[in-house]
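Taking it in order: structure first as structure tokens, then the write-up.
Proteins get letters first, then strands, A, B, ... in listed order; numbering begins at 1 in each.
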Amino acid sequence: MCGRYVVTPDPDTIARFFDVDEVIAGDLGASYNIAPTDLIYGVAEHRGRRLLGEFRWGLIPWWSKEKGPLHINARAESVAAKPAFRDAFSRRRCLIPADGFYEWQNRPDGKQPFFIHAVDGKMLALAGIWSRWTDPETGQEISTAAIVTTKSAGAVSSLHDRMPVILAPSLWNAWLDRDLRDPEEIARLLQPISELELHPVSKLVNRVQNNTPECVKPI
DNA sequence: CCAGACGTTGTT
DNA sequence: GTCTGG
DNA sequence: CCAGACGTTGTT
DNA sequence: GTCTGG
């Protein structure tokens, strides 16, 4: 699955990589340990333009009266049908930029974290869905997002049976296209990719308070 | 009709 | 909002 | 995802 | 064990 990840470039660098027209996100700073509830970058389309915005990690359906529970992931196999996700899936998709992400391997002696990243070291586009939600208590409106997961492939499958969907650049346009609303057509974009590298890292990453380059360093 | 749920993961 | 269960 | 909390009363 | 917070 995907419950922690890494983003280090500044917003302008991310925007260039994803061919973004306008940056509306603030500078969230480099993070080696992004966790659920954090603010994250997301690339989404608005009135035909590609924007880099910020989202709270943990999707809240627009009709929800409650702040929780958090939906940090959505299964590719069912995202089109689930009440909490289907509307976002057909109308509000985004790319979530990442240097890489973490998975924990279960071992007899505990859990071992791994950092997983592109072979060429470039940023990954994680498949995301998003929603606008108004807090009934404060009237505050926020954008929230979830990462779509799928069956793992390649080296990652030796660690874990789930991983985030990573979209190849050739699929970015279709994924962001808000006029593309046919669930079956959209679902065809969600394939696991296998060209990733991984290495074990320190258990420092287990604590969300630890946010240093040490988190991604091979051990 | 109204009430209540609406999610993923891992583990057992 | 929309579906399912009672 | 992992870490950390997990409770009430009364008083300040 | 299970929920909440980050």
Side chains of A/N206 and A/W104: do they bring a donor and an acceptor to under 3.5 Å?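 The criterion, which ignores hydrogens and geometry beyond distance, is satisfied for A/W104 and A/N206.
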No-hydrogen, no-angle side-chain donor-acceptor test under 3.5 Å, A/N173 and A/R50: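 Yes, because at least one side-chain N or O of A/N173 sits under 3.5 Å from a partner of the opposite role on A/R50.
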Can you check the [X] [atom1] to [N] [atom2] distance for me, whole Å?
X	N	atom1	atom2	answer
A/Y32	E/dG6	OH	P	24 Å
A/N73	B/dG10	CG	P	10 Å
A/K151	B/dT8	NZ	P	17 Å
A/F101	D/dC1	CZ	P	14 Å
A/E66	B/dC6	CD	C1'	11 Å
A/K65	B/dA3	NZ	P	12 Å
A/Q105	B/dG10	CD	C1'	14 Å
A/E77	B/dT9	CD	C1'	13 Å

Indicate, with a heavy-atom threshold strictly under 4.0 Å, whether [X] touches base, sugar-phosphate, or nothing.
X	value
A/R4	base
A/I72	base
A/S78	sugar-phosphate
A/N210	nothing
A/F85	sugar-phosphate

Within less than 4.0 Å of OP1 or OP2 of [N], is there a side-chain N or O belonging to [X]?
X	N	result
A/R56	E/dG6	no
A/R162	B/dT9	yes
A/N106	B/dT11	yes
A/T149	B/dT9	yes
A/R207	D/dG4	yes

Output the single nucleotide from [options] whose closest atom is nearest the side chain of [X].
X	options	value
A/A84	D/dC1, B/dC6, B/dG10	B/dC6
A/N206	D/dA3, B/dG7, C/dC3	D/dA3
A/L70	E/dG6, D/dC2, B/dC6	E/dG6
A/K111	B/dG7, D/dC2, E/dG6	D/dC2
A/R75	C/dC3, B/dT9, D/dA3	B/dT9
A/K82	B/dG7, B/dT9, C/dG1	B/dG7
A/W63	D/dC2, E/dG6, C/dG1	C/dG1

Spacing of the [atom1] atoms in [M] and [N] (rounded, Å):
N	M	atom1	value
B/dC6	E/dC3	P	13 Å
E/dG6	B/dG4	C1'	30 Å
D/dA3	B/dT11	P	13 Å
B/dC2	D/dT8	C1'	37 Å
D/dC1	B/dG10	C1'	11 Å
C/dG5	B/dG7	P	13 Å

Name the one of A/Y41, A/W62, A/W57, A/F55 that satisfies ring-ring contact (aromatic ring centres under 6.0 Å, His included) with A/W130?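 Result: among A/Y41, A/W62, A/W57, A/F55, A/F55 is the only option passing the ring-ring contact (aromatic ring centres under 6.0 Å, His included) with A/W130.
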Can the ring centroids of A/H71 and A/F85 be said to lie less than 6.0 angstrom from one another?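 Yes, the ring centres sit under 6.0 Å apart.
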Please evaluate residues A/F115 and A/H199 with respect to the criterion side chain to side chain contact (heavy atoms under 4.5 Å, CB included), reporting the C-alpha separation (whole Å), side-chain torsions for both, the decisive distance (0.1 Å), and the verdict. CA-CA 6 Å; A/F115 181 61; A/H199 59 251; 3.9 Å; yes
Report, as yes or no, whether the 6.0 Å neighbourhood of atom CZ on A/R132 holds more than 12 heavy atoms from other residues, nucleotides or ligands.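 Above 12, so yes.
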Testing the basics here: between A/R93 and A/A174, what is the closest heavy-atom pair and its distance to 0.1 Å?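 Result for this residue pair: NH2-O, 3.7 Å.
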Looking at D/dA5, which nucleotide sits across from it as a Watson-Crick or G-U wobble partner, both distances under 3.5 angstrom, or is there none?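 In the structure as shown, D/dA5 has E/dT2 as its Watson-Crick or wobble partner.
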